[in-house]
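A single structure is presented below for examination.
Reminder, nothing fancy here: chain letters follow the sequence lines and each chain counts from 1. Just so it is clear, the values below take in all heavy atoms, side chains as well, and ignore hydrogens, waters and symmetry mates.
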Amino acid sequence: MEVVHPEYVPDPALSREEMEALQRDLAADAVFSDDLDVDPAEIALDEPPTENATLGGDADAPVVVGIDQAFTDDEAVSAAVAIRDGSVVETVEGRAPLDIPYIPGLLAFREGGCILDALRRLDVDPDLLVLDGSGRIHFREAGIATHIGVAVDTPSVGVAKNLLCGTPRTPLDEGPFPEGTKIPIEADDSMTTPDGTVVGHALQSRQYPNPERRHVNPLVVSPGHRVSAETTVGVVDALCAGYKLPEPTRLADAAADDLKSR
DNA sequence: GCGACAG
DNA sequence: ATCTTGTCGC
């Protein structure tokens with residue numbers, strides 16, 4: 001696939017002020033309502049995808065791509081795994097030097113280059129990108145899922161393990177919550193978004209039989225680009241197949257890990 | 001000055 | 001994110 005907006009390619013050499021300005025610009029181009037080329041209801045997985053399937057499968061089924069990174073001392077490696085009709089149809093990798101440290105709110109400038117490097121090598125055309133981290137749940141509505149989604153103008157969602165900002169309608173420390181629980185997350189005064197706007201959800205994708213003994217924390221999902229908050233939770237939920245993480249990110253996670261160990 | 005923060 | 005074996009619970 002191609003980068004449609006080169007001006008939004010995250011440049012680690014920018015000053016903090018320039019980075020934030022770029023985020024405000026791209027957030028203005030972000031679409032937080034449904035504008036997909038496929039019916040989101042057709043995006044689902046009942047079981048973990050089958051490894052590599054060059055032949056067979058419905059060639060017209062939606063292509064969902066999971067992306068994740070692993071790190072060494074000075075380099076980031078990214079793995080993008082494309083899934084269609086229940087099987088992995090393509091896997092690519094990307095690399096980039098680590099030029100700046102992790103700074104909350106500026107994650108895309110540390111990991112974005114590596115991700116775009118991988119996505120450019122992708123032959124299939126993704127209908128949805130699933131990224132690690134926030135999308136609209138961000139101080140300037142420009143989390144890494146939004147940043148990447150807008151740069152390639154492709155529907156995207158963000159899946160995070162922790163909350164960056166915003167206020168859950170039910171405090172997350174009031175858990176454990178039963179599997180399937182969806183808690184709206186509203187914008188607060190730490191964000192540019194009008195207060196009370198639902199910018200994402202906490203999603204209890206998995207829970208143990210006896211949460212009192214041992215429990216799982218919810219995921220934090222938010223729209224990246226061209227997807228609404230409601231559709232985002234529904235789709236991520238449908239992409240889970242028995243594990244806490246949705247299959248696209250689980251597979252990308254594993255792929256990135258063994259790329260690192262090589 | 002205080003607080004608070006994805007990966 | 002990363003450094004790392006065993007260990008708890010179902």
Side-chain angles (χ1 to χ4, degrees), chain A residues 10 12 16 19-20 23 27 30 66-80 94-116 118 129-149 156-168 171-173 176 178-179 185 187-193 199-203 206-225 229 232 236 242-246 249-250 252-261:
Chain A
R16 180 170 192 138
M19 291 180 179
E20 295 184 355
Q23 292 183 325
I67 303 150
D68 190 36
Q69 290 71 243
F71 307 84
T72 59
D73 295 303
D74 55 355
E75 182 183 52
V77 295
S78 184
R95 294 174 179 280
L98 284 175
D99 296 325
I100 59 173
Y102 163 68
I103 300 168
L106 300 179
L107 182 63
F109 293 91
R110 174 176 164 84
E111 304 184 2
C114 182
I115 292 172
L116 291 175
L129 302 177
V130 181
L131 292 139
D132 264 43
S134 283
R136 195 183 188 184
I137 297 182
H138 181 275
F139 311 115
R140 294 166 291 279
E141 305 192 302
I144 194 164
T146 299
H147 200 137
I148 298 300
S156 65
V157 297
V159 176
K161 299 172 197 69
N162 293 287
L163 188 62
L164 171 62
C165 58
T167 305
L172 300 186
D173 55 23
E179 204 166 289
I185 292 172
D188 58 28
D189 52 21
S190 74
M191 307 184 233
T192 349
T193 319
V199 290
H201 294 78
L203 167 66
R206 184 185 174 178
Q207 189 52 278
Y208 291 132
N210 196 338
E212 292 152 52
R213 286 269 172 205
R214 185 184 187 75
H215 67 275
V216 178
N217 292 135
L219 293 175
V220 180
V221 305
S222 59
H225 181 45
T232 297
V236 173
Y243 296 88
K244 169 173 176 170
L245 295 174
T249 66
R250 264 190 75 233
D253 196 61
D257 276 342
D258 78 44
L259 276 181
K260 185 184 65 171
S261 69

Given atom CD1 of A/I115 and atom P of B/dG7, what is their separation to the nearest angstrom?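 So the two atoms are 12 Å apart, to the nearest Å.
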
Dot-bracket for DNA chain B, please, read 5' to 3', with Watson-Crick or G-U wobble pairs under 3.5 Å on both distances, ( ) within the strand, [ ] crossing, | other strand, . unpaired. .......

Start with the C-alpha gap between A/T249 and A/D132, add the side-chain angles, then the distance that decides, and say whether side-chain contact (heavy atoms from CB on, under 4.5 Å) holds. CA-CA 7 Å; A/T249 66; A/D132 264 43; 3.8 Å; yes

Minimum side-chain heavy-atom gap A/L219-A/K244 below 4.5 Å: yes

Scanning both residues in full, the closest heavy-atom pair of A/L259 with A/A79 reads CD1-CB, 4.1 Å

Without decimals, in angstroms, what is the distance between A/H138 NE2 and B/dA6 P? 11 Å

So, for A/S222 and A/G135, which heavy atoms are closest and what is the spacing to 0.1 Å?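 Looking at all heavy atoms of both residues, the shortest contact is OG-N, 2.8 Å.
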
Can you name the nearest heavy-atom pair linking A/L106 to A/M19, along with the distance? CD1-SD, 3.8 Å

Rounded to the Å, how far apart are A/I148 CD1 and B/dA6 C1'? 14 Å

Check whether any side-chain heavy atom of A/L163 sits under 4.5 Å from a side-chain heavy atom of A/P168, and report yes or no.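 Heavy-atom side-chain distance check passes, below 4.5 Å.
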
Whole-Å gap separating P (B/dA6) and NE2 (A/H147): 19 Å

Quick one: what's the B/S/- string for nucleotides 1-10 of chain C, heavy-atom cutoff under 4.0 Å, read 5' to 3'? SSS----BSS

Roughly, in whole Å, what's the span from CG in A/D189 to C1' in B/dC5? 14 Å

Could you report the tightest heavy-atom contact between A/G105 and A/H138, atom names first, then the distance?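 Scanning both residues, the minimum pair turns out to be O-NE2, 2.8 Å.
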
Does any non-hydrogen side-chain atom of A/C165 lie less than 4.5 Å from one of A/I137?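 Yes - at least one pair of side-chain heavy atoms lies under 4.5 Å apart.
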
Please tell me if the side chains of A/Q69 and A/I115 come closer than 4.5 Å, counting only heavy atoms from C-beta onward.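 SC-SC contact between A/Q69 and A/I115 confirmed.
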
Is the shortest side-chain heavy-atom distance between A/F139 and A/E20 below 4.5 Å?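 A side-chain contact under 4.5 Å is absent here.
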
Between C1' on B/dA6 and CZ on A/F139, what's the gap in Å once rounded to a whole number?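 The distance from CZ of A/F139 to C1' of B/dA6 comes to 9 Å, rounded to the nearest Å.
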
A/L245 CG to B/dG7 C1', in whole Å, measures 13 Å

Whole-Å gap separating C1' (B/dG7) and CG (A/L219): 15 Å

Determine which bases of DNA chain C form Watson-Crick or G-U wobble pairs with both distances under 3.5 Å, and write the result as a 5' to 3' dot-bracket string with | for other-strand partners. ..........

Using a 4.0 Å heavy-atom cut-off across all strands, classify A/L163 as base, sugar-phosphate, or nothing. sugar-phosphate

Need one value for A/L131: base, sugar-phosphate or nothing, where a base atom within 4.0 Å counts as base even if backbone is also close, heavy atoms only. nothing

Determine whether A/P10 and A/L116 make a side-chain contact, defined as any pair of heavy atoms from C-beta on separated by less than 4.5 Å.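 A side-chain contact under 4.5 Å exists here.
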
